[in-house]
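The block underneath contains the structure these notes are about, expressed in structure tokens.
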Amino acid sequence: MVHDSIGWGLLGTGGICSAMAQALAHVPGARLAAVGSRGLERAQAFATAHAGAHADVAVHGSYQALVDDPAVQVVYVGTPHPDHAASALLALRAGKAVLCEKPFTLNAAQAQAVVAEARARRLFLMEAMWTRFVPAVAEVARLVRSGAIGEPLSVQADFGFDASAFAPGHRVLDPQLGGGALLDVGIYPLALASFLMGPISAVQAQAQLAPTGVDVHTTFSLQHRSGALSQGLCSLRSTTPWRALVLGSAGRIELHTPFFHAERFLLVRHGDAQQEHHLPHTGNGYAHQVEEVQRCLRAGLTESPVMPLDETLALMGWMDEMRAQIGLRYPGE
């Protein structure tokens, strides 16, 4: 049963969970009901840090206690990549809807297990691909599908930052923690291309690997079922422009930086004056995916038509394929 106010539980206390706590404060009907960590002190510190925006937040010193909290209807999984599958399964088995941070899991096999659990229990599940719910990106998708730039031909997008100052044991460089550019930031250009150009039919990837074995500078080419061709770049060695270009037979769309939560884009149709569109997002941009989860729950949906589970499974499969091509395997695979 979905109430007027929907109680959210944050599974994790890292920076991404802080971003979600901030976003929840901007969404009518969303209530931060609880936070859970592997230690009570960390959960308490998190609740205290966000007390200005959220009152009466329950704190739990274990993930099990969080998912068992009756005030929680939706669990947001914000743990490190290798923990996503176990955390999502824990919440689903407790009967809770789940919004799971990207990358959804470490690999496609884990993703299939989580999706199967949600479908068997008829519970809502969605990958937290927040970018496609940001108003400007959603409008770009509408324009592309309406034929505003003719036949869609390609997406070119990049996301990279310089991680050279990070210690060798940092999460993004540690294979034990699912490190590497592809899973950490490559999912953004990959998912954008899939969103705008449709299902992918083939991939080709090349990468530079760190001494730890994870990829630190990766390029990939995509072939879509429609015939469109896309390119992506992700890096832990260079801070890239964070731009996205969408090409069509009759024009182009340029998403301003950072494309993953752009508020402006340029529409250029052949022979016409360019048009700049400004569609601001709410807060840090995460609120829009919260709104989608709550819309789906109130409508009785078990998945979002904007970020469907079959697409999540497909993207995880293509990242597996790219990792196979560049020679990146994680411990236990």
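Bear in mind that the values here come from a model prediction, so they are computed numbers and not experimental data. Index from 1, following the sequence.
- Evaluated for a side chain to side chain contact (heavy atoms under 4.5 Å, CB included) with Met319, the options Leu328, Leu190, Val203, Leu106 yield exactly one hit, Leu190.
- Under a hydrophobic clustering in which Ile, Leu, Val, Met, Phe, Trp and Tyr are joined whenever their side-chain heavy atoms come within less than 4.5 Å, directly or via other members, Leu177 and Leu11 fall into different clusters.
- Between Lys102 and Tyr188, some side-chain heavy-atom pair lies under the 4.5 Å cut-off.
- Crowding of Gln206 atom CD: a count of heavy atoms from other residues, nucleotides or ligands under 6.0 Å not exceeding 12.
- There is a path of hydrophobic side-chain contacts, each under 4.5 Å, that joins Leu183 to Ile326.
- Rounded to the nearest 0.5 angstrom, His270 NE2 and Ile149 CD1 are separated by 9.0 Å.
- With contacts defined as side-chain heavy-atom distances shorter than 4.5 Å, the pair Val75/Leu92 does not qualify.
- His277 contributes atom NE2, which lies 7.0 Å from atom CD of Glu139 (distance to the nearest 0.5 angstrom).
- Atom CG of Asp56 has 12 or fewer neighbouring heavy atoms from other residues, nucleotides or ligands inside a 6.0 Å radius.
- Between Arg121 and Arg93, the closest side-chain pair of non-hydrogen atoms falls below 4.5 Å.
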(request) Decide yes or no on side-chain contact (heavy atoms from CB on, under 4.5 Å) for His50 and Val35, but give the supporting numbers first. (result) CA-CA 11 Å; His50 294 277; Val35 60; over 6 Å; no

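- Atom CD of Gln274 sits in a sparse spot, with 12 or fewer heavy atoms from other residues, nucleotides or ligands closer than 6.0 Å.
- We find the CD-OG distance between Gln289 and Ser304 to be 10.0 Å, quoted to the nearest 0.5 Å.
- In this structure, OG1 in Thr131 is found 7.5 Å from CG in Leu192, a value given to the nearest 0.5 Å.
- Pairing each heavy atom of Gly78 with each of Cys17, the nearest pair is CA-SG, 3.8 Å.
- Between His281 and His261, the ring-plane angle classifies as tilted under the 30° and 60° cut-offs.
- Here the OH atom belonging to Tyr76 is positioned 8.5 Å from the SG atom belonging to Cys100, to the nearest 0.5 angstrom.
- Of all non-hydrogen atoms in Phe265 and His256, the two that sit nearest each other are CA-CD2, 4.0 Å.
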(message) Test side-chain contact (heavy atoms from CB on, under 4.5 Å) on Gln294 and Trp8; report intermediate values, then the result.
(response) CA-CA 10 Å; Gln294 299 198 156; Trp8 286 72; 2.9 Å; yes

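- Side-chain atoms of His217 and Ser238 include no donor-acceptor pair closer than 3.5 Å.
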(request) Dump the intermediate steps for side-chain contact (heavy atoms from CB on, under 4.5 Å) on Leu222 and Met197, then the final yes or no. (result) CA-CA 10 Å; Leu222 309 172; Met197 296 291 118; over 6 Å; no

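- Criterion: ILVMFWY side-chain heavy atoms under 4.5 Å apart, direct or through other members. Under it, Leu236 and Leu233 are not part of a common hydrophobic cluster.
- Thr257 places none of its side-chain heavy atoms less than 4.5 Å from the side chain of Pro241.
- Of all heavy-atom pairs between Thr13 and Gly36, the closest is CG2-O, 4.2 Å.
- With hydrogens and angles disregarded, a donor-acceptor distance shorter than 3.5 Å links the side chain of Thr212 to the backbone of Leu173.
- Scanning all heavy atoms of the two residues, the minimum distance from Ser194 to His224 falls at N-CE1, 4.2 Å.
- Ring-plane geometry between Tyr286 and Trp130 is classed as parallel, the angle between the planes falling under 30 degrees on a 0 to 90 degree scale with a further cut at 60.
- For the pair Arg295 and Phe124, the NZ or CZ position fails the cation-pi test of under 6.0 Å to the six-membered ring centre and within 45 degrees of the ring normal.
- Met129 has its side chain within reach of Ile187: a pair of non-hydrogen atoms, C-beta onward, lies under 4.5 Å apart.
- With respect to Phe260, the ring-ring contact (aromatic ring centres under 6.0 Å, His included) criterion is satisfied by exactly one of Phe133, Phe195, Phe159: Phe159.
- Rounding to the nearest 0.5 Å places CG of Leu301 at 8.0 Å from CD of Glu292.
- Note on ring orientation: taking the six-membered ring where Trp is involved, the planes of His81 and His84 are perpendicular (angle over 60°, cut-offs 30° and 60°).
- Both Leu123 and Met307 belong to a single network of hydrophobic side chains, linked directly or stepwise wherever heavy atoms of I, L, V, M, F, W or Y lie under 4.5 Å apart.
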